[in-house]
Structures are given as C-alpha cells and as structure tokens.
Amino acid sequence: MGGVTSVPRERPIGVFDSGVGGLTVLHELLVALPHEDFVYLGDTARFPYGGRGADELERFSLEVADVLVKRRVKLLVVACNSATAAALPALQRRMMETTLGIEVLGVVKPGAVQAVGVTRNGRIGLLATPATVRSGAYQRAIEDVDPHVTLLSVECPDLAGMIEDGFPVDERVVAMVREYCGPLREGRVDTVILGCTHYPLVRPMLQRSLGPDVSMVTSGAAAARQVEHALASRDLDARREGEGDYRFLCTGDAEAFRTVGTRFLQMPLGDIERVAAGTERAAA
Ligand code: DGL
C-alpha cells in the first residue's frame, strides 16, 4: 500500500460506474462519510458493462480512471461490480504508477467478506451480471475468507437494464426477480449478495421472493465500511465539521443522467458535466 499517505486529505474521493447504478453505492458513501467530497463518473455512453468481455471492461475502466485522476482524487472507488471483477488489479497497478500513488477499492471483496460474516449455514447466493459471475471474482474472494463456504451464483443478464428503464416497476420485473431467485431458494442459501449496483432498487421484491429469513448484502453498504476504514487508517480522512460536496461527470447525455440518477441517489443531483473517457490521460 505504498505512497498513499502523501495524497492530500483535502482531495475528493473518486467513484465510478458504468452509469447511474453506482449512485446506490455513492448514496451509502454520502451517508457514511458526510464530511468527504466526492466526484462521481458514470460511463453512460458505454452502459451497460454487464454483458461485455473482461478485456474491454479493463480498457474502459482504465480510461475512466484516468479522467478521475485528472480531477485530483485521493482514492478511487470502483462502484461497478462488473468493472471491479474484470479490472481491479489493472486499475491498482495503474493508479500506483501515478505521481502520488492512488489506492483503488472495489466492491467485490467487501461484499464477500460481509456475506461470509453473516451466513450461518455456510451457503451464500450471488445475483450479478454475466460479466461478474463469469469472472469468478466473488468465488475467489469468498474462498479467500473461508474455503468451506459454498457460493451459488446466478447470472441475471436482463435485470439491471430493466430496472434502469422501468419505473414504476411492473410485473415483468417481478417475474424476472422470481425466476432469478428460484435457484437460490432451491439451494437453501441463507445470505444473498446483491452483486450489481442496480439491485438495491428492487430489494423488497427480492426479499419477498427469497423469504424473510434470508439476509441480503449490498455492494454499497459493504464498500462504504471499507472506504471509511481505509481513509482513517491511512490518515486520508477529511478533517472538517460540515458536509462535503459531491459532483457528477458522465460520458453520455447529462439530462438523462439527472432523470434516472435522482431515483438511484435518492438525493438531488447538482451540476452534471459531460466528459469524454478515452481521450484524457492521467497526469496527477
Ligand atoms: N454497474 C453494473 C454492475 O454493478 C450493472 C450495470 C451494467 O451492466 O453496466 O455490474
């Protein structure tokens, strides 16, 4: 973890996702860390990430990270499960090469650690995009914590897009949720990782389908705890009394980002700046 202590604590935390979904993660960060400033980038022009291959996701993630490095962030949080699963090691290598050495945290490990801590029967379920499930990242992360825990993974290729498009939620989403939860019910898991940024928005439906005794772990809540710990232990936490600010960048249409994003963040969005990813290089 070399180098991070020299990054000024006054800088914002950079957060990125394939689009608006990561705002569910930012929401948790804003609640857990009210004194911090945040800059969030949604790569909406290239949404969705969940059906893409690992090489492409790695390239996109590095491009997006370069934009945030130019915004002088002190820490980078990969709010997207698909990007974390495909690109975390590459991002960590690239960010350590920047002048100050910026640390990168993803959402997979915190979710896995929390789920292993919660399960009582040693059977955990995962709902996630095909990119996340096929990467095996959650499987590896859980094995690292406890190799005796069983992970049952279900690819949900259409759920994120349907949640993003559909509001109010209709019967098609309910039917899809039931279908994806079926193998987890049969597999008698007692804990389910919502391994995709969008799924907290249908949490009540998932809980109803899985049953009241199943515990759910969301990426945002688990990641917020890890970020809090990382900032404090590295002396990077903002030392101010009042609330910090948060601002938004996106690669697609800014007004579309605002319309859909407000629902995901559950807080007002201020200015949204449109940026190009892939044309700016890291310089910090
Ligand atoms: N943000 C993505 C994830 O958490 C879901 C949406 C997408 O497919 O881009 O995996």
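Each ligand, and each atom within it, is numbered from 1 in the order the structure gives.
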Check ligand 1 for close polar pairs with the protein: N or O on both sides, less than 3.5 Å.
from	atom 1	to	atom 2	distance (Å)
ligand 1	1 (N)	Asp17	OD1	2.8
ligand 1	1 (N)	Ser18	OG	3.2
ligand 1	1 (N)	Thr197	OG1	2.9
ligand 1	4 (O)	Asn81	N	3.1
ligand 1	4 (O)	Asn81	ND2	3.3
ligand 1	4 (O)	Thr197	N	3.1
ligand 1	4 (O)	Thr197	OG1	3.4
ligand 1	8 (O)	Tyr49	N	3.4
ligand 1	8 (O)	Gly50	N	2.8
ligand 1	9 (O)	Ser18	OG	2.6
ligand 1	9 (O)	Tyr49	N	2.7
ligand 1	10 (O)	Ser82	N	3.1
ligand 1	10 (O)	Ser82	OG	2.6

Hits for side-chain contact (heavy atoms from CB on, under 4.5 Å) against Thr262, two or more places apart or cross-chain, chain-then-number order -> Arg258, Leu269

- Query: Which of parallel (below 30°), tilted (30 to 60°) and perpendicular (above 60°) describes Phe264 and His198?
  - Reply: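 It falls in the perpendicular class, over 60°.
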
Would you say the side chain of Leu105 lies within less than 4.5 Å of the side chain of Leu75, judging by non-hydrogen atoms? yes

Name every donor-acceptor pair, under 3.5 Å, that has one atom in a side chain of residues 143-151 and the other anywhere in the protein, sequence neighbours excluded.
from	atom 1	to	atom 2	distance (Å)
Glu143	OE2	Gln139	NE2	2.9
Asp146	OD1	His148	N	2.9

When every non-hydrogen atom of Leu57 is compared with those of Ala87, the smallest separation belongs to O-CB, 4.2 Å

Residues passing the side chain to side chain donor-acceptor pair (under 3.5 Å) test with Gln114, sequence neighbours excluded, are Arg225

